[in-house]
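Take a look at the structure below.
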Amino acid sequence: MRSAEVPIGVRLIGALDRFLMRFAEVFAAILVALEIVVLLAGVVSRYVFNRPLTWSDELASILFLWLAMLGAVIALRRHEHMRLAFLVSRAPPRWRAWIEPIAGAAVAIFVIAIIPPAFDYVMSQQFITTPALEIADAYRVAAIAVGAVLMLLIAGARLLGQARRHLAAATAIVAAAAGALWLAGPALTGLGNYDLLIFFVALVGVLVALGVPIAFAFGLATLGYLAFTTQIPLTIVVSRMDAGMSSLVLLAVPLFVFLGLLMEMAGLARALVDFIAALVGHVRGGLSYVLLGAMYLVSGISGSKAADMAAVAPVLFPEMKRRGAQGGELVALLAASGAMSETIPPSLVLITIGSVANVSIQGLFTGGLLPALAAALALVVICHFRSRGDDVSKAVRAPPRQVAKSFLIALPALALPFLIRSAVIEGVATATEVSTVGVVYTALAGLLIYRRFDWRRLYPMLIETASLSGAILFIIGTATAMAWALTQSGFSQQLVAAMAQMPGGQWGFLLISIAAFMILGSVLEGIPAIVLFGPLLFPAARALGLHDVHYAMVVILAMGIGLFAPPLGLGFYAACAIGRVAPEAAMGRVWPYLAAVLAALVIVALVPWLSIGFL
């Protein structure tokens, strides 16, 4: 359709959408930079000058909620919210033309429903004053209302770009579904907890299958359950979202995401990979071992599995393909290495568990290394057997001088994980603040040592950080609201009680937890699953005598297997996209690798010392 044929209203909305998005991106980039500066100033003032800044954490918390909401807005505009695209992508094109407007209408319905309660929540918070800065808390929570309005504009502009008949059908279907639930409200109320199956199983399942982002599916199910079956005001959904997204511990999410991007840009990731390649790249299957080692080291720095894979795969895959490796095999190993490295600090899942389940993040950081090493060794065994037919005639052993040189070059990069860990243990910085130390160290290493620092990439990196962080934090917010609704209904306690009463005591509970979190990790990804069930299952694990850190390692590895297991695991498709390989080429090859990670998971579950031996 030519621009002249586009209605002027649609063009105006599109222009407004682009203007507001540019504003959101600029503001979000500034907020990421400000968070780094504020937290770093707090570290320097406290540790160097022994004069703590009483207002730094409070200001960081205020900016953080704005960053989370604007990041969620950017993620919606860039189609980067977590969603299950597998089923929709397999549908015929003519079906997708009808399905996509329905998913877009569902997103619009959620933000329309959340806007009035969000503004009510802002009004209720204007009488609450922050202790250090002494400003109204309404300035902080206004981020949720503003973010919802911006999301509505984006969703509306996207819907208006659809064909009229598809838009009309989508609107009619969504309206009919809402009307049916409203009319069935009295009957649903009389069902007791069976109405949870309608909203939190059937409705969420249908929405996720249609490609609605998981965060919005959770939010719609929670709003529908409260609106049609209870008398609870919907402002509770906004307040629970606020509680879920505002935990200062979660501020580590955007900071570690940015650290991972900075590490790749400044050359530290490449230096690590080159050193490991020089060390073992010449042996049969050597580059597979290099990939595993690189993922182990890089995961300990970036905290984001997508960033880890994106940093390692482009460096290694071309040479591995030159030696005859198949693309499907490479992606299968990459996906399994992603599952293997889920427990390596400072994984975002570790930070989330520490926040929602009240587990020591320092303990999680310490306990995550050996379980990942056990999984890595299991993958080494598989790599050894699958590489027996590799042609290594073109592989050249690096001379000792080159190995020593690559080690010296990689030494600053190798030191970064130890610097981060030492800064937390020695009390220089908290787990939230320590990433700022890593950012400064990485920037100086890129500028002074590796001489690779592209200033033009900083702004896109800040926006990418905001987008990825917003997608993660928004799903934590809606999952927190959903978890509250499940808790109030009593269902969650019943589920946990049933799991705790499984025969076999600790081992029965661990077994059912592994099965449950493998399924949850595949369908929901790790973070929303942890937010939903972590606060409930960890107390049950403690009551059975299981150590928090040990149970966390078992749960995280189980979720990692689910996350990277086809056909539903979103991490598997991320690995395929990064490796530029069709999913069907890797789907049949990934199972031996995932079986190795599962074997390592069983060992970690049976040997608690691997998780808690160094605490």
Side-chain angles (χ1 to χ4, degrees), residues 244 247 249-250 339 342-345 347-372 374-375 431 476 479-480 482-484 486-487 489-563 597-615:
S247 173
V249 172
L250 292 176
E342 281 285 271
T343 66
I344 297 174
S347 165
L348 302 182
V349 179
L350 289 178
I351 297 169
T352 304
I353 284 181
S355 173
V356 304
N358 195 27
V359 181
S360 165
I361 291 182
Q362 180 178 329
L364 292 170
F365 279 14
T366 302
L369 296 173
L370 284 184
I476 290 177
T480 301
M482 183 173 170
W484 181 89
L486 287 170
T487 301
S489 70
F491 171 77
S492 296
Q493 292 88 335
Q494 295 170 10
L495 175 63
V496 173
M499 291 179 64
Q501 292 171 4
M502 286 290 294
Q506 289 185 354
W507 306 117
F509 184 76
L510 280 175
L511 182 62
I512 192 65
S513 295
I514 289 172
F517 277 100
M518 284 176 63
I519 296 171
L520 291 170
S522 178
V523 178
L524 300 180
E525 288 204 87
I527 289 176
I530 279 296
V531 175
L532 281 172
F533 292 99
L536 302 166
L537 288 174
F538 273 81
R542 292 184 198 117
L544 289 171
L546 290 169
H547 195 285
D548 283 346
V549 174
H550 176 219
Y551 186 62
M553 296 307 125
V554 172
V555 163
I556 292 171
L557 282 175
M559 288 191 303
I561 295 172
L563 176 61
V597 181
L598 178 59
L601 166 59
V602 172
I603 293 172
V604 170
L606 293 175
V607 185
W609 181 87
L610 290 172
S611 304
I612 61 177
F614 291 98
L615 297 184

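No hydrogens, no waters, no symmetry mates; every other heavy atom, side chains included, goes into these values.
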Between atom CG of L537 and atom CG of L546, what is the distance when rounded to the nearest 0.5 Å?
11.0 Å
Check A357 against G534 and note the closest heavy-atom contact, atom names and distance.
CB-O, 4.2 Å
Could you tell me which non-hydrogen atom of L544 sits nearest to which non-hydrogen atom of Q506, and how far apart they are?
O-NE2, 2.8 Å
Closest non-hydrogen contact found for G367 with P371 is O-CD, 3.0 Å
So how far is it from L610 CG to L369 CG, rounded to the nearest 0.5 Å?
12.0 Å
The test is side-chain contact (heavy atoms from CB on, under 4.5 Å); show your working for I361 and F365 and say whether it passes.
CA-CA 6 Å; I361 291 182; F365 279 14; 3.6 Å; yes
Testing the basics here: between S611 and V549, what is the closest heavy-atom pair and its distance to 0.1 Å?
O-CG1, 3.7 Å
Is it true that a side-chain atom of H550 and a backbone atom of V604 form a donor plus acceptor pair closer than 3.5 Å?
yes
Go through L350 and M553 one step at a time and tell me if the side-chain contact (heavy atoms from CB on, under 4.5 Å) criterion holds.
CA-CA 9 Å; L350 289 178; M553 296 307 125; 3.8 Å; yes
Nearest 0.5 angstrom please: I519 CD1 to M559 CE, how far?
13.5 Å
Partners of A552 by side-chain contact (heavy atoms from CB on, under 4.5 Å), sequence neighbours excluded?
I353, L364, F538
Answer whether the closest heavy-atom distance between the side chains of V554 and S513 falls below 4.5 Å.
no
To check you understand the geometry: which heavy-atom pair defines the closest contact between L370 and W609, and what is its length?
CD1-CZ3, 3.9 Å
Taken to the nearest 0.5 Å, the spacing of I556 CD1 from L563 CG works out to 12.5 Å
On a heavy-atom basis, which atom in A339 and which in G560 lie closest, and how many Å separate them?
CB-O, 3.4 Å
Are side-chain heavy atoms of F517 and I561 found at a separation under 4.5 Å?
no
Find out whether Y551 and L510 are in side-chain contact, i.e. whether some heavy atom of one side chain is under 4.5 Å from a heavy atom of the other.
yes
